[in-house]
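Working notes, beginning with the structure itself.
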Amino acid sequence: MTTTIIKTTTRLLAPLILVFGLYIILHGHLTPGGGFQGGAVVASGLALLIVAHEHKKVKELFERAPLSQLESIGALGFLGTGLLGLAGYTFFKNVIANSGFLFGGKTPIGINPGYLNTGGTLAYMNIFVGMKVLAGLTSIILIFFLILKEGEK
Amino acid sequence: MRNALGIVVFLAFTFFLLTAAFEIRPFGEPVHREMDNYFIMHAQEEASANNVVTSIVFDYRGFDTLGEATVLFTAVAGVLMALRSRGVKT
Amino acid sequence: MNVLTNFPFIVVALLLAIGFYTIGFKKNLIKIVIGIEIIEGAVNLFLVALGYVKGAYVPIYTLAPKEAAEVNKMVLPTPQALTLTSIVIGVAVTALMLAFAVNIYRHYGTLDVRNIRRLRG
């Protein structure tokens with residue numbers, strides 16, 4: 001399956017796909033996209049990397065990848081960001097917005113060019129959920145790939 | 001015999017679906033949009049995001065997203081459990 | 001009649017019919033999973049089509065055109081949020097179903113639903 005054409009295409013395309021996915025995750029509160037979509041894009045880039053390499057190479061590449069840790073950090077971080085709203089307000093209240101913290105800049109009302117330093121908890125939740133979706137989908141693809149290759153032997 | 005009965009039921013159901021698709025309100029003219037108008041008008045001051053869909057997913061309907069994250073986690077755990085029987089480590 | 005105006009809903013109905021036919025009359029487990037996926041795509045398409053408003057803009061304020069900020073000039077955002085949730089869940093559930101199909105093939109040596117009947121006696 002791993003011909004020279006696939007390997008060369010992957011070498012050219014995979015960095016672009018990964019960077020595009022990270023852009024979608026980071027700009028989730030400004031442009032179309034968000035954590036789920038960006039995580040799926042990053043996972044598809046990693047799937048391209050998985051498919052284009054030999055079985056042994058994939059195993060040694062992803063042996064140390066902290067996928068389950070990333071998934072747990074994403075879930076707990078999402079929950080924790082939601083719990084932040086309990087400090088005086090309700091669950092999932094956007095407390096960081098307009099507070100001056102990171103991602104807490106003043107949000108203009110109406111049509112604006114879009115400033116990255118706004119969004120409050122939404123930006124954090126986008127990042128955490130993107131991490132979680134990325135790790136989950138990549139581990140699904142990885143375990144299917146490893147199982148099917150083991151079965152062929 | 002059972003197959004013929006199944007095909008009859010399937011054709012009746014398809015007829016019902018097509019009738020419903022013809023009789024539903026015209027495409028592109030929603031009837032109730034008070035809730036969505038509220039979301040569109042107040043998303044920037046309440047959720048402080050330009051993207052109204054993201055502000056609904058993570059702010060107004062945050063519990064929905066929380067349950068969805070749980071479902072994703074459970075599904076991934078189930079896949080890993082179902083396929084891990086041969087000692088493959090991830 | 002309104003065949004042209006309601007074209008997306010008719011497509012949804014046909015997709016649902018194809019999915020139910022696949023689930024009901026096919027015997028291969030993989031094909032049944034494909035049928036469930038077709039139904040899921042039909043439901044997602046139905047949700048997005050319900051929220052569409054004729055001549056309206058995307059519900060995003062970043063660099064939107066001037067008239068998008070007026071009343072009733074943006075597409076309904078709630079069905080889009082629901083669809084977004086549904087897509088990710090669909091991917092995860094499909095992976096789970098395929099994993100069970102792999103396990104069943106290992107255990108029984110076949111994917112035909114008529115032969116996977118050991119409990120029936």
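Model, not experiment: these values are computed from the prediction. Letters go in sequence order (proteins before strands), and every chain restarts at 1.
The number of heavy-atom neighbours closer than 6.0 Å to CZ of R61(B), taken from other residues, nucleotides and ligands shown, is 12 or below. Enclosure of atom CZ in F101(A) is not indicated, since only 12 or fewer non-hydrogen atoms of other residues, nucleotides or ligands lie within 6.0 angstrom. Within 6.0 Å of atom CZ in F10(B), more than 12 heavy atoms from other residues, nucleotides or ligands are found, so the atom counts as buried in its surroundings. The neighbour count for L16(A) CG, taken as heavy atoms of other residues, nucleotides or ligands under 6.0 Å away, is above 12.
Residue with the most contacts toward chain A among L72(B), V57(B), L66(B): L66(B) (heavy-atom pairs, distance under 4.5 Å). Top candidate by heavy-atom pairs under 4.5 Å with chain A, chosen from V79(B), V53(B), V52(B), D59(B), is D59(B). If you tally non-hydrogen atom pairs under 4.5 Å between each of N98(A), N126(A), L137(A) and chain B, the highest count goes to N126(A).
In this structure, the portions of V133(A) lying under 4.5 Å from any heavy atom of chain B include both its backbone and its side chain.
Scanning residues 29-38 of chain A against chain B with a 4.5 Å non-hydrogen threshold yields H29(A), L30(A), T31(A), P32(A), G33(A), F36(A), sorted by number.
Heavy-atom minimum distance, G120(A) versus S48(B): N-OG, 4.0 Å. The two residues V76(B) and S139(A) come nearest to each other via the heavy atoms CG1-OG, 3.6 Å. The two residues N50(B) and G114(A) come nearest to each other via the heavy atoms ND2-CA, 3.6 Å. F58(B) and M125(A) get closest at one heavy-atom pair: O-SD, 3.7 Å.
Note that the CE atom of M41(B) and the CD1 atom of I109(A) stand 12.0 Å from one another [nearest 0.5 Å]. In this structure, CZ on F92(A) lies 14.5 Å from OH on Y60(B), to the nearest 0.5 angstrom.
For the pair T54(B) (side chain) and G28(A) (backbone), a donor-acceptor distance under 3.5 Å is present. Of the possible polar contacts, none joining the N94(A) side chain to the E46(B) backbone as a donor-acceptor pair under 3.5 Å is found.
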